[in-house]
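Step one of this worksheet: look at the structure below.
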There are 2 protein chains.
Amino acid sequence: MLKYKVIADDIRSKIQAGEYAAEALLPDQVALALHYEVSRMTVKKAIDILAMEGLVYRKRGMGTRVLKNALWNQNDSLALDYQGLTAQMKGTAITNDIIEFNIQFPDEALQNLLMIGANEAVYYVHRVRNVDGKPYVMEYTYFVASLVHDLTPAILEQSIYDYIKADIGLVIGGAYRKIHADVASDDDCQYLACEATTPVLEVEQVVYQKNGTPFEYSRSRNRFDTRSYTITDIIKD
Amino acid sequence: MLKYKVIADDIRSKIQAGEYAAEALLPDQVALALHYEVSRMTVKKAIDILAMEGLVYRKRGMGTRVLKNALWNQNDSLALDYQGLTAQMKGTAITNDIIEFNIQFPDEALQNLLMIGANEAVYYVHRVRNVDGKPYVMEYTYFVASLVHDLTPAILEQSIYDYIKADIGLVIGGAYRKIHADVASDDDCQYLACEATTPVLEVEQVVYQKNGTPFEYSRSRNRFDTRSYTITDIIKD
DNA sequence: GAGTGGTCTAGACCACCGG
DNA sequence: CGGTGGTCTAGACCACTCA
């Protein structure tokens with residue numbers, strides 16, 4: 001087990017347990033290095049992690065302080081999320097209408113986005129997801145077939161992400177997302193109960209495995225009044 | 001200047017210039033350390049930054065590769081950005097039309113967002129920012145007057161963020177942002193050359209100092225076809 | 001001035017990948 | 001096996017803050 005991770009986990013749990021109270025100073029890096037019997041660089045790396053998580057903030061000459069992070073973790077956040085809608089909206093009834101589902105070959109744009117060749121097949125899924133019976137989001141999704149294998153309509157009607165994570169065991173490493181507004185398309189009008197003049201929020205994303213291989217490209221469209229994305233960002237020094 | 005930052009900037013510019021092509025291997029860390037005449041740890045820290053920016057991807061035993069999509073977002077605004085439009089759009093002519101500017105007391109919602117009391121004054125700025133003479137974004141901004149002091153119309157016509165960072169010396173610690181689509185308002189129609197049916201992208205944000213104190217709340221509105229936001233998110237272990 | 005965190009070094013060992 | 005990146009060390013110097 002990595003030392004800096006062990007130390008970060010230990011300090012984090014002490015913060016959560018209240019052993020290091022909000023606004024309190026942590027022991028300095030030299031003391032922590034002695035305590036954990038590691039070098040100071042390793043302690044610093046552990047604290048870097050906590051700082052990136054927004055638990056702690058540091059200032060030269062002043063020490064390292066526990067942040068009252070009640071501010072930051074008001075979890076209505078969506079922008080950085082990999083649980084999928086099913087987990088996000090638990091407690092509500094989510095159903096999926098599959099409009100189209102097939103296997104095809106990617107055009108050039110998609111080849112670039114997913115870093116695949118022209119003859120590497122992709123699944124194409126067009127579905128509408130309903131929350132409590134009402135249309136909520138329309139998604140156009142492409143999965144690299146060799147990675148997300150054996151996709152079936154039965155899976156699509158439930159949670160794709162549960163299947164990807166639990167059954168395939170694929171580990172998500174990150175995502176690239178682009179958010180913009182758009183005018184309603186014909187599909188939007190038909191499936192999201194839009195007028196032609198209704199603004200739509202679209203999120204494009206490419207999702208990567210831990211090893212950097214992309215496995216999904218999707219566009220998700222919502223009516224302007226049903227969804228917003230939040231981002232909490234803490235600058236590292 | 002910090003060595004690892006200089007190196008990261010240098011490599012980034014070489015990627016953008018095509019000197020390191022997409023999918024190409026970077027020189028290994030030992031070679032880079034020799035070339036920049038620094039230790040390998042310092043090179044690694046520089047590459048850490050590029051990896052966090054999503055420009056580069058590494059694997060043990062395989063080297064460091066430039067990601068194919070490293071360049072696909074050059075024209076979008078980063079969702080995580082604090083340079084302000086003036087720095088973001090350098091090379092273009094930015095002018096600011098001030099529509100309204102005054103000092104006022106915050107309503108209850110604003111008191112909560114900025115964590116201030118009812119009798120702590122705020123500056124209110126309503127301005128339209130033009131890029132190359134054409135209206136680009138309309139902003140409604142509130143600054144905590146005790147933190148962003150001595151704001152004047154002359155400053156507003158240029159870059160507020162330059163003033164905040166260089167003159168006041170306020171250190172930005174992070175931001176909370178919400179992105180959503182909206183229908184055009186009367187102001188949008190008047191100042192952004194919108195029709196009543198034009199979709200608008202709005203970004204609300206609260207910007208915090210390093211010590212956690214909020215100093216700005218703003219809403220920025222763009223026509224749907226003039227701006228999009230991108231987020232690169234890499235999950236840490 | 002004493003103490004803090006930030007950077008940097010020169011070297012070491014390890015885990016992983018390819019041939 | 002050789003070469004890659006990941007981790008870790010022991011120590012050094014610097015920038016900053018506070019008394």
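All figures in this text were calculated on a predicted structure; none of them were measured in a lab.
- Contacts of A:Leu2 with the nucleic acid, taken as non-hydrogen atoms under 4.0 Å apart, involve only primed sugar atoms and P, OP1 or OP2.
- Around NZ of B:Lys5, the count of heavy atoms belonging to other residues, nucleotides or ligands within 6.0 Å does not exceed 12.
- Remark: P of C:dT7 and CZ of A:Arg58 are 9 Å apart, rounded to the nearest angstrom.
- Spacing between atom CE of A:Met1 and atom P of C:dA15 amounts to 14 Å, rounded to whole angstrom units.
- Using a cut-off of 4.0 Å between Lys/Arg side-chain N and Asp/Glu carboxylate O, B:Glu204 and B:Arg219 are scored as not salt-bridged.
- Contact of B:Arg40 with D:dG6 (side chain to base): a donor-acceptor pair of N or O atoms is detected under 3.5 Å.
- Between B:Asp48 atom CG and C:dT7 atom P the separation is 12 Å, expressed in whole Å.
- Nucleotide C:dT7 holds its P atom 13 Å from the CD1 atom of A:Ile47, rounded to whole Å.
- Regarding contacts with the backbone of D:dG5, a side-chain N or O of B:Thr64 is found under 4.0 angstrom from either OP1 or OP2.
- Across all strands shown, B:Met62 has heavy atoms under 4.0 Å from sugar-phosphate atoms exclusively, and none from any base.
- Listed nucleotides C:dT7, C:dG6, D:dG5 differ in distance to B:Tyr4; the shortest reach to its side chain belongs to C:dT7.
- The side chain of B:Gln29 places no N or O atom within less than 4.0 Å of a non-bridging phosphate oxygen (OP1 or OP2) of D:dG3.
- Take the nearest nucleotide of DNA chain D for A:Glu37 and for A:Gly61: the residue whose nucleotide is more 5' is A:Glu37.
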List the steps, then state whether salt bridge (Lys or Arg N to Asp or Glu O under 4.0 Å) holds for B:Asp48 with B:Arg58.
CA-CA 9 Å; B:Asp48 283 345; B:Arg58 299 166 286 179; 2.7 Å; yes
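- The NZ-P distance, from A:Lys3 to C:dC14, rounds to 12 Å in whole Å.
- Within the 4.5 Å cutoff, no side-chain heavy atoms of B:Ile160 are placed close to those of B:Asn96.
- Between D:dC14 and A:Arg60, no contact under 4.0 Å exists linking OP1 or OP2 to a side-chain N or O.
- In this structure, B:Met41 places its CE atom 17 Å from P of C:dC13, rounding to the nearest Å.
- As judged by a 4.0 angstrom heavy-atom cut-off over every strand, B:Val38 is placed among residues touching the sugar-phosphate backbone only.
- With rounding to whole Å, A:Lys45 atom NZ is found 9 Å from D:dC8 atom C1'.
- Contact between the side-chain N/O atoms of B:Thr42 and the OP1/OP2 oxygens of C:dT9 is found at a separation under 4.0 Å.
- Side chains of B:Val56 and B:Ile15 form a contact here, defined as non-hydrogen atoms less than 4.5 Å apart.
- Regarding A:Lys44, its NZ atom lies at a distance of 11 Å from the C1' atom of C:dC8, rounded to whole Å.
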